[in-house]
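Since the structure comes first, as C-alpha cells, the remarks are kept for the end.
All figures in this text were calculated on a predicted structure; none of them were measured in a lab. Whatever order the structure lists them in is the order used to number ligands and atoms, beginning at 1. The residues of the chain are indexed from 1 along the displayed sequence.
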Amino acid sequence: MRILSLCCRHYRNLQDVSFFPQPGVNVIWGQNAQGKTNLLEAVWLFTGGHSFRGTKDSELVQHGSSGARLQLRFYSQEREQSAEIFLENSRRRAELNGVALRSPGRLVGHIHAVVFSPEHLSLVREGPANRRNFLDAALCQLKPSYVHLLNRYQRTLSQRNALLKDIPRHRELEDTLPIWDTKLAADGTRIVAERKSYLKLLACTATSVYSGLSHGKETLRLSYSCTADDLGAALQKGRLRDIRQGFTGEGPHRDDMEILLDNASARSCASQGQKRSIVLALKLAEASTLGKSTGETPIILLDDVLSELDSSRQDYLLNHLSKCQVFITCCEPAQTQILQSGGLFRAENGMIKPEQPNKVS
Ligand SMILES: Nc1ncnc2c1ncn2[C@@H]1O[C@H](COP(=O)(O)OP(=O)(O)OP(=O)(O)O)[C@@H](O)[C@H]1O
Ligand SMILES: [Mg+2]
C-alpha cells in the first residue's frame with residue numbers, strides 16, 4: 001500500500017497543503033509546532049480510527065474555520081484509489097472512491113497503517129494494561145471476530161464483578177457464580193489462545209527487527225505471561241478471595257506480555273534508547289504481521305522517533321525500511337543527512353515543502 005498524495009484544507013494548522021510523498025522513506029523535518037505531527041495524524045485518520053493523540057474531531061478543524069477536508073489518493077489492491085474525510089460541526093463523514101460511506105468507521109480495512117508516537121513508550125515503561133491493549137488492538141485489526149469475543153468477555157467480567165460486590169450482602173447470590181465462571185472461562189481461554197498465537201508471529205519478527213536496529217548486539221524476547229493456566233479451575237479456586245476483594249483476580253484482563261532484553265526485564269533495566277528501540281521493533285513487527293495477513297504492506301508513521309537513538313539506529317530506520325512507505329518526522333536537520341534516498345520535506349508554519357535529500361557519499 002502506498003500514498004500517492006494527500007491534500008489537507010483547514011486541518012489544524014495545515015491550511016492548504018498538497019503533499020506528494022515518495023514510495024519509500026519520507027522524512028518531514030522542521031522546528032517545533034510547524035505541523036509535522038498534524039500531517040501524520042491526517043494520514044492516520046484514513047485508517048478509520050480516531051486521532052492517535054486522543055484529540056476530539058471538533059478540535060482537528062483549523063481554529064476559525066467551519067470545516068476541514070482531507071483528500072487521499074493511494075495505491076492498493078493493484079489500483080489507484082481515493083478517499084476523503086470531511087470534518088464539520090463535530091461530525092465526520094467519509095467517502096471511498098467517490099462513494100459516501102454510511103459511517104467513517106467503514107474506512108477500516110481499506111487503508112492500513114501503523115503509528116509510533118512518543119506516547120507509545122508507555123508500552124515498555126508502564127503497567128501491563130498498555131501491553132494487553134497493544135495485543136488486543138493489533139488482533140482487532142487482523143480479526144473482526146476478536147472484537148466480538150473481547151467485548152463479550154468484558155461484559156461478562158463486569159457482570160461477575162458486580163455480583164462479587166453484591167454477594168457479601170446477599171449470600172444466596174453466590175449460587176449463580178458458577179454460571180458466570182463458565183462463560184468467563186470459555187471466552188477467557190479463547191482470548192489467551194488468540195493472544196498467544198499472535199504473539200508467536202509477532203515475537204519472531206520483533207526479535208529480528210530489534211537485532212537489525214541494534215546491529216546484532218542485543219537480543220529481544222517476548223513472551224505471554226498468564227495469570228492462570230486453567231482459567232476455569234482458577235476462577236473456582238479463587239472464588240472466596242474474589243468475593244473478599246470484590247473483583248476477578250485471574251483471567252486475560254490481568255495477563256501481561258513479558259519483554260526481555262538480553263534476559264533482563266526491559267521495564268526496569270532498558271535504557272531510554274533501548275526502550276524506544278523495543279517499541280519500534282514491536283510496531284514494525286505489527287506492520288509486518290498485518291502486511292502478511294492482508295497482502296498489503298501497511299503505511300508506517302513514525303512521529304519523533306529519531307531522538308534518543310544513536311546514528312546507527314537512525315541509519316537502520318532511515319535506510320533499511322524502504323520496502324514499505326514510511327513517514328518519519330524529526331526536528332534536527334542533522335538527522336536528515338543520514339537519509340540516502342527517498343523523500344525529504346520541510347514543515348514550516350503549516351506548509352510542507354519538498355527538499356533535495358542530501359546524498360551521503
Ligand atoms: N485546530 C487547530 N487550528 C489551528 N492550529 C492548530 C490546531 N490544532 C493545533 N494547531 C497548531 O498546530 C501546531 C502544532 O503542530 P504539530 O503538533 O504538528 O507540531 P510539530 O511540527 O509536530 O511540532 P513538534 O516538533 O513540537 O512535535 C501548533 O502550533 C498548534 O497551535
Ligand atoms: Mg510533533
[X] with [Y]: basic N within carboxylate O range, under 4.0 Å:
| X | Y | answer |
| --- | --- | --- |
| Glu296 | Arg79 | no |
| Arg241 | Glu250 | yes |
| Arg239 | Asp242 | no |
| Arg132 | Asp255 | no |
| Arg91 | Glu88 | no |

Item to complete: Check whether any heavy atom of Arg53 sits under 4.0 Å from an atom of ligand 1.
Response: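 Arg53: in contact with ligand 1 (<4.0 Å).
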
For atom 30 (C) of ligand 1, is some protein heavy-atom partner under 4.0 Å away?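 Not a single protein heavy atom is under 4.0 Å away.
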
State the atoms of ligand 1, each with its element, that fall below the 4.0 Å cut-off from a heavy-atom position in [X].
| X | result |
| --- | --- |
| Gly35 | 15 (O), 16 (P), 18 (O), 19 (O), 20 (P), 21 (O) |
| Val61 | 1 (N), 2 (C), 3 (N) |
| Asn38 | 12 (O), 13 (C), 14 (C), 15 (O), 16 (P), 17 (O), 18 (O) |

Polar-atom distance check: [X] versus ligand 1, any N or O pair below 3.5 Å?
| X | result |
| --- | --- |
| Gly30 | no |
| Leu60 | no |
| Gln62 | no |
| Gln34 | yes |
| Cys331 | no |

Which heavy atom of the protein is the closest neighbour of [atom], given with residue, atom name and distance?
| atom | value |
| --- | --- |
| atom 19 (O) of ligand 1 | Ala33 CA, 3.3 Å |
| atom 4 (C) of ligand 1 | Arg12 O, 3.4 Å |
| atom 11 (C) of ligand 1 | Asn13 CB, 3.9 Å |
| atom 27 (O) of ligand 1 | Thr37 OG1, 3.9 Å |

Metal proximity, Thr37 vs the Mg ion (ligand 2), N/O/S cut-off 2.8 Å: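 Here the distance criterion (N, O or S atom, under 2.8 Å) is met by Thr37, so yes.
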
Discussion item. Minimum heavy-atom separation for Leu213 and Ala281, please, with both atom names.
Written reply: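 Heavy atoms of Leu213 and Ala281 come nearest at CD1-N, 4.5 Å.
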
Q) Any idea which heavy atoms bring Arg92 and Gly49 closest together, and the distance? A)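 Closest approach of Arg92 to Gly49: NH1-O, 3.1 Å.
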
Heavy-atom nearest neighbour of atom 26 (O) of ligand 1 within options Asp303, Leu14, Asn32:
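Comparing heavy atoms across Asp303, Leu14, Asn32, the nearest one to atom 26 (O) of ligand 1 lies in Asn32.
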
I'd like the name of whichever of His63, Glu348, Gln15, Lys36 reaches closest to atom 20 (P) of ligand 1 through any heavy atom.
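It is Lys36 that holds the nearest heavy atom.
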
Is the Tyr316 ring parallel, tilted or perpendicular to the His320 ring (thresholds 30°, 60°)?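 Plane angle under 30°, so parallel.
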
Would you call the rings of His253 and Tyr153 parallel, tilted or perpendicular, taking 30° and 60° as the class edges?
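The rings of His253 and Tyr153 sit tilted, inter-plane angle from 30° to 60°.
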
More than 12 heavy atoms of other residues, nucleotides or ligands under 6.0 Å from CZ of Arg102: yes or no?
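No, the 6.0 Å shell around CZ holds no more than 12 heavy atoms from other groups.
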
For Thr55 and Arg12, does a side-chain donor sit closer than 3.5 Å to a side-chain acceptor?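 Yes.
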
Q. At a non-hydrogen distance cut-off of under 4.0 Å, which region of Glu59 contacts ligand 1 (side chain, backbone, both, or neither)?
A.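 Under 4.0 Å from ligand 1, Glu59 contributes backbone atoms alone.
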
